[in-house]
Every structure is written in C-alpha cells, then in structure tokens.
Number of protein chains: 2
Amino acid sequence: MPVANSTDSIFTQLADCGHKKVVYCSDPDTGLKAIIAIHNTVLGPALGGVRMWTYKTEGEALADVLRLSRSMTYKAAISGLNLGGGSAVIIGDSRKEKTEALMRKFGRFVKNLNGEFIAGEDVGTNPRDMEHIRMETAHVAGLPETIGGSGDPAPIAAMGVFMGIKASVKEVFGTDSLTGKRVIVQGIGHVGEHLVKLLRDENVKVYVSDINEDRTRQVSKKYGAEAVANHSIFDIDADIYSPCALGGTINTQTINKLKCGIIAGSANNQLEDEDMHGQLLLDKGIIFAPDYVINAGGVINCYSELMGFAKKRSLQLTENIYEATRNVLKLSKAENISTIVAANKIVEKRITDINKVKSGY
Amino acid sequence: MPVANSTDSIFTQLADCGHKKVVYCSDPDTGLKAIIAIHNTVLGPALGGVRMWTYKTEGEALADVLRLSRSMTYKAAISGLNLGGGSAVIIGDSRKEKTEALMRKFGRFVKNLNGEFIAGEDVGTNPRDMEHIRMETAHVAGLPETIGGSGDPAPIAAMGVFMGIKASVKEVFGTDSLTGKRVIVQGIGHVGEHLVKLLRDENVKVYVSDINEDRTRQVSKKYGAEAVANHSIFDIDADIYSPCALGGTINTQTINKLKCGIIAGSANNQLEDEDMHGQLLLDKGIIFAPDYVINAGGVINCYSELMGFAKKRSLQLTENIYEATRNVLKLSKAENISTIVAANKIVEKRITDINKVKSGY
C-alpha cells in the first residue's frame, strides 16, 4: 500500500493510493467538520470506522482518513468479504464536542451517500454514536445487540487474532497446537483480554503487559498469566509476540531485540515502516502475520450484522482467517516476499478478478 | 453572497459561504478529476452546471465550483423553483481531454450522490455530454428534445431577460411597454440573438455588439438592429444596457461612463465587485436587474425537464421573472439597499421560511 503525503494536492493524494473520492462535510449549526473517504468499492459498499479526533490541521485529518479507508479495503478483501473500503474522520474533541445533533447530522451525510459508505465505530466513537447515526440512516454497523446489532466485536476480533496465531504456529512448528507455546500479549483492552482467555484455554504460557499496571495485575490474576513490565517485553524469551495496543511497535530496534519467531497481534499498523520492516522481518526469518489479515474480526462482525447473519456465521467467517493467513505465509515463502507484500498481492488480485467478473451486461 | 478566498482551508471556505459539502472525484483510468459542490439543498436537489476548464490549480477549481454552486442556490430560489444549488467542475481541456468514458465516469459519481446533485450544461460541456452522463444516471438535465429533454434553453433564457427588462422599464417609466426604447445588447450568442428578436418584435431600437464582427453584421442585418463597436458601447445614449456575454463588465469606470438608466442582461456575475458596484449603481440611481434574477431561464428550462412539464410551463415560470424582478426593485427602493442585496434578502428569507416548513414530523 503506497503512503499518502499530506503536502500533496488532494487529487494527487487520491490518485497515489487509488482512492475514488473524498467528501468534505460541513455543518456550522452542529459544528460538524467531517471528511468521508471512499477508497474502493469494487467488492461492495465501503465499510469503515468513524474516528473523532483533535486533528491539528485539515491535511492531517485528510491523510488519516485516506490511510484508514485504504486499509479497510485491504482488510475486507483479504477476509473474502464483499465490502469495499472507506472511512470517516470528524475533527473535534470527542469528550467535549460530541453531541446527538452532531452525530445525527453526520448520519445525514452518510445517508446522502446512499449506501456507498457504511459507518462503524472507531477511536472517539462508540455504540451510542452508532445509534445516533442509525436514527438518520440505515447505513451503519456496530449497533448494540439490544437493537438488532452485532454487539461487542471484541470476542470475534480476538478469535481472528487467535486464528492468525495458530496459522503462524503451523508454519513454524508444523502443527497448529498452541499447547506449551509462550505468547506475549502487549495491551490488554477488550480484544487483548479475550485473546488471553482463548490462549489460556489452550494451555499457552501467556505474558501480559499494559500501560495500565492495575489492569495488568488484574488480568494476569484472572487468567493465570504472567504480568511483565512494558519496557521488558522484547527481552522475554517467547515464541509469539502479539501486539494488541498501539501501532508502530515494530521497528529496526525492536526487531533486533525480539526473541520471538512469530509476530501476530490485533494492533493496526504494527510496522513502523511497512516496506522496510516487512523486508527486515523476512530477512530475519521472523513470521509476521499481517495485522490487517488477522485483526479483521471486527469488520467481519459488522459484515454479519449488515447481512443479517447470526453470531455463528461471524465465527465461521472469522475462522477463515486461519486459511487467509496460511495463504499469505505460503505466498511469502514461495516468492520470497514480505508477508505484507504477499497479503497486498492477494488483495489486489482479488479486486482485479472480481472487477472483471462484474463487467459486462 | 460572501466571497470565497481560495487560500483558506476547505472547511473555512465551506463555512464562509454556507456550503454543505464538496466531493473530490478521482478516476485515473479516464483521467477524471472533478469537484462537485453542494451549496444548499433546503429547497430541493442541487441543480448545477458541469464546467470543464483548464484550471491552473486545484484551489482555483475549488473557488470556482464554490462560487458557481452558491449562485445556483440563489438563482433557483429567487425563481420560486424547488431546487437547491450545486455545481461541478472537471479539470481539463474540454477540446482535447473529453471522452465518452470520462463523462460517463463522471456520471457514475453523480449517480452515487443519489439525486442530491443534478448535472446540467456549462462552459466546456454540451448536450452530447449530458447524454453521456444520462447513460449512467437519471440525475441530469438539459438533454436534447429528441430523447425527451427540454432542448435548447436559449429561447427561454432570452425570454427571462426580456421579462427582467420589462420589469425594470416599469420601475423607471411607469409602464412596461418597450416600444420606442433603446437597448444595447452586448454579446449576441444564442441567448443574445433571441433577445434581439424579442426586442425588435416590440419595436425597440436595438444596438448590437459582439467581439465577432461578422456575427454583429449578420445579426444586425437579420433583425434590423444597429451594429456598434464593442469599445463604444458606453458612449451610446440608450435607455437599457443589456450585457449578454462576459461577466465583470460593470465597474467604477463603466458605471461613470454609462448613459443608460437601466442595466439588465443575461451575463453571469456582471458586477466586478458585488458590494461596491451594487452600491454605486444605487447611489447613481441606475436600476440594475440582478443577473441571477433575470437569467434564470436556463435553470427553469431544466426544472421543467426534471418535472416532466411541457414548454408552456417553462414559459409561464419564465414569465414569473417579471414579478420576481419587480419585487427585488421594490425592496431595493423601500429599504434603500442595492438590488443585489435586496435579491439576496428575498432568497435568504425564502430558504429560511421553507426550512421551517420542512421541519417537524
């Protein structure tokens, strides 16, 4: 995936990364300033999160929405979903400036896109906000179960990461049994905690770490995991490093320290530099399960909601992440390319192929 | 109408002039780079022209589409139509870079807006282009009569200007008979020529001028009008000056030279500076029929096409320009404000009032 340069012209930025369009939405009455980006809709409508954030400049907001929307295309495509990639950002402080009116006005802009964009949760928005968007448009996912939504995506998201870990272990050890393996889970939010549970249920030795030390203690005690300090993560002798918090933790320095042969976690954009560090991991023989391949559970949950599928179907689709990861790792090995490059190739081929399927009368 | 400053941030430009949104549309396959602006949709879907032009910068293209879309809101509103204001610009050379594929891809972007924007002709596009857009979406107007469209808008546009002239003459002379009056028609394209015919049919003394001198001779001969050189227009002793070509011909210098007591023509944006020259005309007691009030015939023609009305209804709606102009001139006189300010007030009141009508369950 090419990287957008926020100083470029808007059309150059769109063309660079293959974006179809961006919509600037303005409503002074509610204070709404939002940008909706549609990256690609070959596979289906563009699903993506609505992020509310205090961007310092419009250029920063644009760069973020372009990056997020593009990654949604890849995430949905690799999972075999019939969804395109989109995203939205609302400029503002979600704790101080978010109101029902603002979210509903945003919902009106989503409504006007007539299904081309489907809104979901992201940083700074929550299920309540999705409810407010839902009051204005049906093109929203991630609603509470009590009003017919798919509810908390964390268990599904964790299951996807668990599948990605299994597929990676199969590549290295020839079997996907995790019993006796050692996994470092960095970041134990909702997804991280569910992952710890799944791992412990399969008798994995789990190390947990979180910037919130109370939380670390609490989760380690609850599931019988070992609490470790955040700064000592890369010193631990383990099999799998699973970053489940912030992105960008994998760089030249940490790769050189890392004692694990596998990286597989739920965090977005784990590689500080996709090209450079993807290649470095390949050179070092470290198996990297690409983040967007194995953290697609949340998107799958939304997809099921949109399609009216039951939880069972979400779980089945999430189990497919095992096969998707295996395909990526096999292609990486066969062509001696980084796993990120391999995943991107699979995505781009699928989009090209399905685009051809859809052509003609 | 406030003026957009192209160096501002996009959201600032949107908020400054009350725009709802802008959509950047990109398609490298066809070379399409377009911006669609939606100014206001309180009264109805945003109708506006599609201009194809070799803009030097994206900022210039954005400023133009914001200006055009805003003026469409005012034009539709003052005419009593249930249409909002929008516009689109395609960056490129219409003679070299326009293809069927490009126009149809543009049509797809219009389609995705689901009726919020309705495309029409403008500089650099023609009825054939509207046909190409029509192949992808029904949200287009200005189609040839042979495929069910309203056809050539020039006769209707000329009728609107004619009505504006009559209303202005009524204000000055107490009767709207034009017999014996002297009118300078500057610019004799399609609209100008139809206007000359209408005026001559009512025994008006008509002076015609065009940058194309062959055209000037031809039209003067055909209708019995007097050909005059373009540079001598402001020296002629006449009653009405009717600019029907380029905008911006009315400035401090030309106002000081002008011997006519009435300005009423079809050109867009006739005043070089709306505030300053609108006021100067008021101070000098020159009646200025605001351009967007009396040149709405083309929009009315499109509106009839969209509503499925016959030509008769278009003519009737166009005749309403007489009353609209009278109302503007009366308000200008009553409140001692320029006619542009008066027209804007009427528009803004209508939008505010109808917005209230539409609120509630």
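When reading the values below, keep in mind they use all heavy atoms of this one structure, side chains included, and skip hydrogens, waters and symmetry mates.
Here the side chains of P144(B) and E131(B) are in contact, with some heavy-atom distance below 4.5 Å.
If you measure heavy-atom distances from N112(A) to chain B, the contacts under 4.5 Å come from both the backbone and the side chain.
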Can you give me every donor-acceptor pair (side chain of residues 36-52 of chain B, partner residue at least two apart or in another chain, under 3.5 Å) with its distance?
{"unit_1": "H39(B)", "atom_1": "ND1", "unit_2": "T73(B)", "atom_2": "OG1", "d": "2.7"}
{"unit_1": "H39(B)", "atom_1": "NE2", "unit_2": "C17(B)", "atom_2": "O", "d": "2.7"}
{"unit_1": "N40(B)", "atom_1": "OD1", "unit_2": "V42(B)", "atom_2": "N", "d": "2.8"}
{"unit_1": "T41(B)", "atom_1": "OG1", "unit_2": "K20(B)", "atom_2": "NZ", "d": "2.9"}
{"unit_1": "R51(B)", "atom_1": "NE", "unit_2": "D122(B)", "atom_2": "OD1", "d": "2.8"}
{"unit_1": "R51(B)", "atom_1": "NH1", "unit_2": "D64(B)", "atom_2": "OD2", "d": "3.4"}
{"unit_1": "R51(B)", "atom_1": "NH2", "unit_2": "D122(B)", "atom_2": "OD1", "d": "3.0"}

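No hydrogens or angles considered: a donor-acceptor pair under 3.5 Å links the side chains of K75(B) and N268(B). Side chains of S304(A) and N301(A): a donor-acceptor N/O pair is absent below 3.5 angstrom, by distance only.
The interface of residues 80-105 of chain B with chain A, defined by heavy-atom distances below 4.5 Å, comprises I91(B).
Residue K358(B) places its NZ atom among more than 12 non-hydrogen atoms of other residues, nucleotides or ligands, all under 6.0 Å distant.
Counting heavy-atom pairs under 4.5 Å between each of K33(B), H19(B), E58(B), K21(B) and chain A puts E58(B) at the top. In terms of heavy-atom pairs under 4.5 angstrom with chain B, the leader among I35(A), N114(A), L14(A) is N114(A).
With values rounded to the nearest 0.5 angstrom, E305(B) atom CD is found 10.0 Å from I118(B) atom CD1. Distance OG/S79(A) to CZ/R350(A): 8.5 Å, rounded to 0.5 Å.
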